[in-house]
**Student:** 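First the structure, then my questions, so here it is.
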Number of protein chains: 2
Amino acid sequence: MIGAGPMTECYVFRVGLTVNYAPESTDNAAAALATIRQMIETGKLPANGRLPTERELAAELGCGRRTVRRALDTLETEGLIWRKQGSGTFAGQPPDPAGALAAEIAPDADPLVVMEARLCIEPALADLCAKRATGEDVEKLRKLARRASQPLDADTAELWDGALHRAIARIAGNRVMLTAFALLDEVRMGAEWQEKRHRARTAETMTLYDRQHRDIIDAIERRDGQAAAAAMRAHLEALSENLKASMERSET
Amino acid sequence: MIGAGPMTECYVFRVGLTVNYAPESTDNAAAALATIRQMIETGKLPANGRLPTERELAAELGCGRRTVRRALDTLETEGLIWRKQGSGTFAGQPPDPAGALAAEIAPDADPLVVMEARLCIEPALADLCAKRATGEDVEKLRKLARRASQPLDADTAELWDGALHRAIARIAGNRVMLTAFALLDEVRMGAEWQEKRHRARTAETMTLYDRQHRDIIDAIERRDGQAAAAAMRAHLEALSENLKASMERSET
DNA sequence: TCCTGCACCAATCATCTATTGGTCCGCATA
DNA sequence: TATGCGGACCAATAGATGATTGGTGCAGGA
């Protein structure tokens, strides 16, 4: 399987490995960990980011598979690699499944349609968030809101705003809803849509949005789901109005 | 998924066909069209909504494949069916690309989490639906509700119920929300989840659900979005309660 | 106590085969 | 001529099979 099959690139890696590192060591476990870590950080692996199989690594490093697995466990908890049964071990972060779906609808997504969808989903998320947020969570939200309100430039403020809404979705603690929101979030970042939104950012609206953000977080802190949903709805409606106005302006 | 092989259910359909309709006619093309159309509208087809293959239809109707294809062309332009090369011909609307995403979360999806997500999304969809449904749309919804209430067996009733909720999502007319709903819908069909739901179907609940379906559609017909959302919420809460009860029962 | 070697399971991938819709052509019949 | 039947072929898909890969447990040795 090394010469002809899809594993050819492993050979390149393997040569580099046997040349650079010494497979023999007193403490096999630590040595294996260090070797694999270095292998990832030097980036000497195929384009997929795919590492050799555990059995191959064990053979190359001259240690048992169990030892290799312990090393990989460490790297996995560090977030350096991710594994999938039947598929393999890969360097970097696991892929986001929502991205591909979003690409399907993003091209012809009308900003107003996206806003309508946000008005459907995000108030419900704020409601759930209010029911489940811990004190620590609320603190995080406040920090994000502060960042979004600081008058650096419109672009970074926009990023912190997105992070705030995303945090609310995450704290809501429903995996299915989180995936739905991720889908929405990806679509929202469409190119034309982003361009149109830029014009809707002024000093007045910034202070208005900051006020609304605080309303939402206050309601969440009070564990008042209804109020949180209402505040979120008001916020999104303000965004929507602003968007409509800027779209009309750009048409004239 | 009914008998042993994947094609067993076609036999059931075929029997009904040869009994009810006369394959012989003076004008084969028109007769074939009428026969297939009737077959779709009476709903006598397997759970997937899959029609027999073109070759089977030709043999059953006693006409050539070319004639069958012309009839199917007509039905396709009418939006009654959709076809996919290598896969088959299906009744209803083509599916959204959300399936792949759903498969990611489906395995470890807690039925209660799914219900919570439905409670977030579907009332909002009912609201939008009320704002945009035409008279024709309402008529379709009523037809679906009738089908879901007919006491055939719990399995097919469940299918028509799903079709009703899906139709509401489609009529809501927001592509992003439709994709989000499709995601939810796919997750809902997880295997264990389906098994647990079976126990929650009794004669009493069926009549309750029928009443709630009619409440939803009535509100949609009155263009009362608030009421439609509330009715949908009540319906889903009833489903949720029933689910919880059946889960507790199965634990003891 | 730590590591190795081994066996087995479950998920996935690669591959092949059968099926299915899409298309074209020749022929028969009215 | 027009319509329809029969057949052949292509491209895309589904189903089934075998190999590969990570996940797990167990026995034995240093």
Side-chain angles (χ1 to χ4, degrees), chain A residues 1-2 4-8 10 23-33 36 46 48-77 81-91 94-95 97, chain B residues 1 3-10 23-33 35-36 46 48-77 81-91 94-95 97 99-100 103-104 106-108 191:
Chain A
M1 281 299 156
I2 287 185
M7 283 281 86
T8 316
C10 279
E24 317 295 338
S25 169
T26 54
D27 191 357
N28 275 335
L33 176 60
I36 300 175
N48 304 334
R50 181 186 207 141
L51 273 70
T53 69
E54 296 179 352
R55 291 167 177 85
E56 279 179 328
L57 279 175
E60 293 301 328
L61 299 174
C63 66
R65 199 178 147 217
R66 190 70 180 241
T67 311
V68 169
R69 280 190 60 77
R70 246 198 299 278
L72 293 178
D73 286 342
T74 305
L75 295 172
E76 188 175 30
T77 57
I81 61 168
W82 60 279
R83 299 186 272 189
K84 194 165 189 184
Q85 182 176 161
S87 180
T89 307
F90 303 85
Chain B
M1 290 300 158
M7 282 284 85
T8 317
E9 61 273 26
C10 278
E24 318 293 340
S25 168
T26 55
D27 191 357
N28 274 335
L33 177 60
T35 308
I36 299 175
N48 304 333
R50 180 185 209 145
L51 272 71
T53 70
E54 297 179 352
R55 291 167 176 85
E56 280 179 328
L57 278 175
E60 293 301 328
L61 301 175
C63 64
R65 199 178 145 213
R66 188 69 180 248
T67 311
V68 170
R69 279 189 62 76
R70 248 200 296 277
L72 293 178
D73 286 342
T74 306
L75 295 172
E76 188 175 28
T77 57
I81 62 168
W82 60 280
R83 299 187 271 189
K84 194 166 191 183
Q85 182 176 159
S87 181
T89 307
F90 303 85
E104 289 265 343
D108 52 318

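Below, chains carry the letters A, B, ... as their sequence lines are ordered, and counting in each starts from 1.
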**Student:** Rounded to whole Å, please give me the gap between CG in B/L51 and P in C/dG21.
**Tutor:** 9 Å
**Student:** Between A/R70 and C/dC2, is there a side-chain N or O to OP1/OP2 distance below 4.0 Å?
**Tutor:** no
**Student:** Rounded to whole angstroms, how far apart are CD on A/E76 and C1' on D/dG22?
**Tutor:** 10 Å
**Student:** Just the rounded figure in Å: distance from P of D/dG6 to CG of B/L61.
**Tutor:** 13 Å
**Student:** Taking CG from A/L33 and P from C/dC2, how many angstroms apart are they, rounded to a whole number?
**Tutor:** 16 Å
**Student:** Can you tell me how far CG of A/L75 sits from OG1 of A/T89, rounded to the nearest 0.5 angstrom?
**Tutor:** 10.0 Å
**Student:** Without decimals, in angstroms, what is the distance between A/W82 CH2 and C/dT12 P?
**Tutor:** 11 Å
**Student:** When you measure from the side-chain N and O atoms of A/T53 to the phosphate of D/dT20, is any distance below 4.0 Å, counting only OP1 and OP2?
**Tutor:** no
**Student:** Might you point out which heavy atoms bring B/C63 and B/A32 nearest each other, and give the distance in Å?
**Tutor:** SG-CB, 4.5 Å
**Student:** Search all heavy atoms of B/I81 against all heavy atoms of B/L72 and return the closest pair with its distance.
**Tutor:** CD1-O, 3.5 Å
**Student:** Take the protein atom CZ of A/R55 and the nucleotide atom C1' of D/dA19, then report the distance between them rounded to whole Å.
**Tutor:** 12 Å
**Student:** Please report the distance, rounded to the nearest Å, between CD in A/E56 and C1' in D/dT21.
**Tutor:** 10 Å
**Student:** Do A/L61 and A/I36 pass the side-chain contact (heavy atoms from CB on, under 4.5 Å) test, and can you show the C-alpha distance, the side-chain angles, and the key distance before you say yes or no?
**Tutor:** CA-CA 9 Å; A/L61 299 174; A/I36 300 175; 4.1 Å; yes
**Student:** Looking at CD of B/E56 and CG of B/L51, how far apart are the two atoms once the value is rounded to the nearest 0.5 Å?
**Tutor:** 10.5 Å
**Student:** Under the side-chain contact (heavy atoms from CB on, under 4.5 Å) rule, what do B/R83 and B/D73 come out as? Steps first, then yes or no, please.
**Tutor:** CA-CA 10 Å; B/R83 299 187 271 189; B/D73 286 342; 2.2 Å; yes
**Student:** Suppose we screen for salt bridge (Lys or Arg N to Asp or Glu O under 4.0 Å). Which residues come up paired with B/R69, at least two apart in sequence or across chains?
**Tutor:** B/E54
**Student:** Side chain of B/R50, backbone of B/S87: donor and acceptor closer than 3.5 Å?
**Tutor:** yes
**Student:** Atom pairs under 3.5 Å, N or O on each side, protein against nucleotides 11-13 of chain D: can you list them with distances?
**Tutor:**
| residue | atom | partner | partner atom | Å |
| --- | --- | --- | --- | --- |
| D/dA11 | N3 | B/Q85 | OE1 | 2.6 |
| D/dA12 | O4' | B/Q85 | OE1 | 3.3 |

**Student:** Take nucleotides 24-30 of chain D nucleotide by nucleotide from the 5' end and write B, S or -, depending on whether a protein heavy atom sits under 4.0 Å from the base, only from the sugar-phosphate, or from neither.
**Tutor:** BBB----
